[in-house]
Amino acid sequence: MNSVNKTRIQVLESLIKDEPNRITNLANASAWLNECLDKINWVGFYLVEDNELVLGPFQGKTACVRLTIGKGVCGTAAKEREILRIPDVHEFPGHIACDAASRSEIVVPLIKGGTLIGVLDIDSPICDRFSEDDQQFLEAFAETLVAYL
């Protein structure tokens, strides 16, 4: 990971390390990612509740409130517990378009103690916006965040 992304992880940790409230930490994490990443139009969290994904703190336009685990990009990433980096969401079978302007997406499952607690979801209006470097950064970001949730 490059030094810029290492610094971004350190800033995240400084924002959340002394705060026990999960929603507060997720809100600051989404705001920080919104500041860090360019060419995105939505960043936020969906949290597992009653076996579905429920909208949590985010930055961007209003969003879908509930997503089914196993459906769409977020639901598939949650079910498979794998990061999904989608270059063109219009080519993803079953894509759920909360914002028609979104063209690419990356979703990182949030897993704590072997349990799925939610997903980090980031959308961009640009096709193929997210790189392997972005994925590595966001995976480390999520791991750091989950340690404090």
Side-chain angles (χ1 to χ4, degrees), residues 1 5 8-9 11-13 15-16 19-149:
M1 185 177 343
N5 286 339
R8 289 172 172 173
I9 299 290
V11 170
L12 168 68
E13 196 164 22
L15 289 169
I16 65 176
E19 177 52 57
N21 186 280
R22 179 168 104 157
I23 298 301
T24 299
N25 287 336
L26 292 169
N28 266 339
S30 64
W32 179 232
L33 279 176
N34 195 49
E35 289 181 46
C36 291
L37 301 174
D38 62 351
K39 301 175 186 168
I40 64 169
N41 59 337
W42 200 91
V43 55
F45 299 93
Y46 283 92
L47 304 173
V48 175
E49 185 178 301
D50 298 328
N51 205 34
E52 61 184 347
L53 296 170
V54 180
L55 181 64
F58 70 93
Q59 300 281 309
K61 292 182 179 183
T62 57
C64 298
V65 176
R66 293 181 182 270
L67 301 171
T68 302
I69 292 178
K71 294 189 177 179
V73 180
C74 286
T76 301
K79 180 181 178 186
E80 301 298 325
R81 294 179 178 215
E82 291 183 7
I83 297 172
L84 289 183
R85 192 172 81 224
I86 309 300
D88 186 347
V89 295
H90 298 294
E91 294 180 7
F92 187 88
H95 169 65
I96 300 165
C98 296
D99 180 354
S102 292
R103 293 299 308 269
S104 61
E105 184 170 7
I106 188 166
V107 179
V108 181
L110 304 174
I111 299 169
K112 183 165 184 140
T115 300
L116 177 74
I117 61 172
V119 298
L120 165 60
D121 180 26
I122 307 173
D123 296 347
S124 173
I126 297 165
C127 277
D128 205 17
R129 156 62 184 88
F130 302 102
S131 67
E132 178 66 31
D133 286 343
D134 291 322
Q135 181 172 329
Q136 290 174 2
F137 162 62
L138 293 169
E139 185 173 20
F141 189 95
E143 288 174 7
T144 301
L145 176 63
V146 165
Y148 291 94
L149 297 179

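For the single chain, residues carry numbers from 1 onward in sequence order.
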Side-chain contact, heavy-atom cut-off 4.5 Å: [X] with [Y]?
X	Y	result
V108	R85	no
R66	L55	no
E105	I122	no
E35	Q59	no
V146	I111	no
I23	P57	yes
L26	L47	yes
M1	Q136	no

Measuring from atom [atom1] of [X] to atom [atom2] of [Y], what distance do you get when rounded to the nearest 0.5 angstrom?
X	Y	atom1	atom2	answer
I40	S102	CD1	OG	10.0 Å
I16	T144	CD1	OG1	7.0 Å
F45	L145	CZ	CG	5.0 Å
D123	I86	CG	CD1	11.0 Å

**Message:** Among L120, N5, V43, which residue satisfies the side chain to side chain contact (heavy atoms under 4.5 Å, CB included) criterion with L138?
**Reply:**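 For L138, the side chain to side chain contact (heavy atoms under 4.5 Å, CB included) test succeeds with only one of L120, N5, V43, which is L120.
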**Prompt:** Which is it for I106 and I83 under the side chain to side chain contact (heavy atoms under 4.5 Å, CB included) test, yes or no, and what are the steps along the way?
**Reply:** CA-CA 7 Å; I106 188 166; I83 297 172; 4.1 Å; yes
**Asked** Going through the checks in order, is the side chain to side chain contact (heavy atoms under 4.5 Å, CB included) test met by D88 and D128?
**Response** CA-CA 6 Å; D88 186 347; D128 205 17; over 6 Å; no
Heavy atoms only: give me the nearest [X]-[Y] pair and the separation to one decimal.
X	Y	value
I9	A140	CD1-C, 3.7 Å
S104	P87	CB-O, 3.3 Å
Y46	A63	OH-CB, 3.7 Å
A77	L84	N-CD1, 3.6 Å
N25	E19	ND2-O, 2.8 Å
L12	W32	N-NE1, 4.0 Å

**Asked** Any side-chain donor paired with an acceptor under 3.5 Å for N41 and S124?
**Response**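 No, no side-chain donor-acceptor pair sits under 3.5 Å.
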**Prompt:** Between F137 and R8, is there a cation-pi geometry (under 6.0 Å to ring centre, at most 45° from the normal)?
**Reply:**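 Yes, a cation-pi geometry holds between R8 and F137.
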**Request:** Step through the shown structure and confirm whether more than 12 heavy atoms of other residues, nucleotides or ligands are within 6.0 Å of NZ on K112.
**Result:**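 Check passes, neighbour count above 12.
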**Asked** Do other residues, nucleotides or ligands put more than 12 heavy atoms under 6.0 Å from N51 CG?
**Response**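 Not buried by this count: 12 neighbours or fewer within 6.0 Å.
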**Asked** What's the verdict on side chain to side chain contact (heavy atoms under 4.5 Å, CB included) for V54 and E52, showing C-alpha distance, side-chain angles and the deciding distance?
**Response** CA-CA 6 Å; V54 180; E52 61 184 347; 4.2 Å; yes
**Asked** Under 3.5 Å, side chain of T76 to main-chain N/O of V73, donor-acceptor pair present?
**Response**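 Checked: no pair found.
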**Asked** Does the distance from a Lys or Arg side-chain N to an Asp or Glu carboxylate O, for R129 and D134, drop under 4.0 Å?
**Response**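 Counted as a salt bridge, because a side-chain N and a carboxylate O are separated by less than 4.0 Å.
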